[in-house]
Q: 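This is the structure, below, for whatever I ask next.
The model shown is predicted, which means the values in this text are computed figures rather than measured ones.
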Amino acid sequence: MSNVITLLLGVIGGVLLYFGADFLIKGGVGIAKKLRIPSLIIGLTMMAFGTSAPELTVSIASALQNKGDISVGNVLGSNICNLALILGLCAIVKPLPVNKLVIKSDMPVMLIATLAFSAFLGLSNGIPRWGGIFFVLMMATYIVTLFINSKRDDEVKEAITGEVGDDEVNIIRAIFEFAGGLAALIYGAKLFVSGAVCAAKLANVPEAIIALTVVAIGTSLPELAASMIATIKGENDIAVGNIVGSNIWNILCIMGVSPIVNPIKLQNISWVDMGVMLFVTLLSVPFFLTGRKVSRAEGAVWLLLYLGYLGYLVATQV
């Protein structure tokens, strides 16, 4: 009977994921219009930070328990999943135009953060407290620069000139939609993962494979749902901004705060995981720059890379 209830809750979780993402997008767009800032900024900041909340919780808890491998592995897996799986799937559904602001400022920050993260892991075998402080200061600088550039950029100004006026947007309703959607996303993801794990166990799927697939993707479900719904609704800036912003937040915020709480020392880091994260991140450069969009073919390359990586993980654990 308990299995039936868990499966039913998993279905409810899937419904919450859909409607949570829908309300999150509506609320985010409403807030952006009311404040007369581009929706890209909402995707890169509020939405990216909100959908990264599961990763933040897991990593801080792991750092406090001196489980640095889990903290770092959580970020590595999430960043790989965000680009290769989520943006890959979104681009296959509909080619994704990439805003000039992402190319000029956000993509370089994502690349620098990824390279710095990799350097710390390679040279220090972890992240010391001063490294966490460095990432947090970089995060603060990034946010301030992001808002300054968004106000100065002519293309961004033009994009928001014709947006809905302040009198047509109820800011209180938009905030409640955003907050309610985010809560539904995070809680829905937990229920969905529980249901999926239950179904996998009933199908006699080995626990190692469940951990590497269902559970690993589970923390990225909020980003997946939010970006997919944004893509379907034509909110491309939010779809791309959410993923790029989430990868930046994962490194600068999560790998910034966690080592400050407790310096991270690795026991058994997988260089394959780090190499895959670097590779899929570096691929964003040609993918974003060619025609300033991610095509279906490029999305398929990312998705195939993710499936190959997933196959490798399963093969090495079975």
Side-chain angles (χ1 to χ4, degrees), residues 21 25 28-29 32-33 36-48 51 79-115 141-163 220 223-224 226-252 277-306:
I25 302 303
V29 171
K33 288 178 177 178
R36 299 198 66 76
I37 59 175
S39 56
L40 172 67
I41 304 301
I42 297 294
L44 286 164
T45 54
M46 292 171 61
M47 195 170 294
T51 54
N79 280 19
I80 293 169
C81 185
N82 283 347
L83 285 172
L85 175 64
I86 299 176
L87 268 193
L89 280 173
C90 290
I92 289 173
V93 171
K94 186 188 295 183
L96 294 172
V98 180
N99 191 293
K100 186 173 73 174
L101 191 62
V102 170
I103 294 173
K104 287 174 59 179
S105 60
D106 307 306
M107 184 178 70
V109 170
M110 181 174 68
L111 291 173
I112 292 170
T114 301
L115 291 171
T141 303
Y142 164 68
I143 294 173
V144 172
T145 304
L146 182 66
F147 277 92
I148 292 174
N149 287 344
S150 71
K151 296 298 183 182
R152 290 178 177 174
D153 195 278
D154 292 336
E155 184 174 300
V156 172
K157 288 179 181 178
E158 183 180 340
I160 63 175
T161 299
E163 286 191 347
S220 291
E223 287 95 337
L224 175 59
S227 290
M228 188 62 73
I229 295 300
T231 300
I232 293 171
K233 289 178 171 291
E235 295 288 350
N236 300 309
D237 282 349
I238 287 182
V240 176
N242 179 39
I243 296 304
V244 174
S246 182
N247 276 24
I248 292 172
W249 281 100
N250 281 349
I251 296 175
L252 299 186
M277 182 195 67
L278 268 173
F279 186 63
V280 297
T281 302
L282 290 173
L283 270 182
S284 68
V285 177
F287 285 5
F288 285 0
L289 292 178
T290 50
R292 278 175 54 185
K293 71 175 181 180
V294 183
S295 67
R296 282 193 171 93
E298 290 166 337
V301 170
W302 255 333
L303 184 58
L304 287 173
L305 280 171
Y306 186 77

Q: Do R296 side-chain atoms and V93 backbone N/O form a donor-acceptor pair below 3.5 Å?
A: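 Looks like yes, one N/O pair under 3.5 Å.
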
Q: Over all heavy atoms of both residues, which pair between C81 and Y306 is shortest? Give the atoms and the distance, please.
A: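 In this case the closest contact between C81 and Y306 is CA-CE1, 3.8 Å.
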
Q: Take N99 and D106 through the test side-chain contact (heavy atoms from CB on, under 4.5 Å) and record every step on the way to the result.
A: CA-CA 10 Å; N99 191 293; D106 307 306; over 6 Å; no

Q: Going by side-chain hydrogen bond (donor to acceptor under 3.5 Å, both in side chains), name the residues that satisfy it together with T290, two or more places apart in sequence or in a different chain.
A: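 For T290 the side-chain hydrogen bond (donor to acceptor under 3.5 Å, both in side chains) partners, ignoring immediate neighbours, are E298.
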
Q: Please report the interatomic distance CG(L89) to OG1(T231), rounded to the nearest 0.5 Å.
A: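 Reported to 0.5 Å precision, the distance equals 10.0 Å.
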
Q: Could you report the tightest heavy-atom contact between V240 and L87, atom names first, then the distance?
A: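 Looks like CA-CD2, 4.4 Å.
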
Q: Tell me whether K293 contacts the main-chain N or O of L96 through its side chain, where contact means a donor paired with an acceptor under 3.5 Å.
A: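 Between the backbone of L96 and the side chain of K293 there is no qualifying donor-acceptor contact (under 3.5 Å).
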
Q: Give a yes or no answer on whether the side chain of W302 reaches the backbone of L85 with a donor-acceptor pair at less than 3.5 Å.
A: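 Pair absent, no side-chain N/O of W302 close to backbone of L85.
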
Q: Determine, stepwise, if the pair M107 / V244 fulfils side-chain contact (heavy atoms from CB on, under 4.5 Å).
A: CA-CA 7 Å; M107 184 178 70; V244 174; 5.8 Å; no

Q: Hey, mind stepping through L305 and V301 against side-chain contact (heavy atoms from CB on, under 4.5 Å) and telling me if it holds?
A: CA-CA 6 Å; L305 280 171; V301 170; 4.2 Å; yes

Q: Please name the pair of heavy atoms, one in I251 and one in A113, separated by the smallest distance, quoted to 0.1 Å.
A: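 Minimum heavy-atom separation between I251 and A113: CG2-O, 3.6 Å.
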
Q: Closest approach of S227 and A239, non-hydrogen atoms and distance?
A: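 Residues S227 and A239, closest heavy atoms: OG-O, 3.2 Å.
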
Q: Would you compute the distance between atom CG of L224 and atom SG of C90 and round it to the nearest 0.5 angstrom?
A: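 Output value for this atom pair is 7.0 Å.
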
Q: Measure across A91 and G299 and return the closest heavy-atom pair with its distance rounded to 0.1 Å.
A: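 The answer is CB-CA, 3.9 Å.
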
Q: Just verifying a value: how many Å separate K94 NZ and M228 CE, rounded to the nearest 0.5 Å?
A: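 Answer for the NZ-CE pair, K94 versus M228, is 11.0 Å.
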
Q: Tabulate below the donor-acceptor pairs under 3.5 Å that side-chain atoms of residues 281-288 make, not counting sequence neighbours, or state none.
A:
from: T281; atom 1: OG1; to: M277; atom 2: O; distance (Å): 2.7
from: S284; atom 1: OG; to: T281; atom 2: O; distance (Å): 2.5

Q: So L278 and L115, side-chain contact (heavy atoms from CB on, under 4.5 Å) or not? Walk me through it.
A: CA-CA 8 Å; L278 268 173; L115 291 171; 3.8 Å; yes

Q: Just how far is it from atom CD1 of I248 to atom CD1 of I243, taken to the nearest 0.5 Å?
A: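 These two atoms lie 11.5 Å from each other.
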
Q: What closest approach, in Å, do P95 and S295 show between heavy atoms, and which atom pair accounts for it?
A: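 For P95 versus S295, the nearest heavy atoms are CB-CA, 4.4 Å.
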
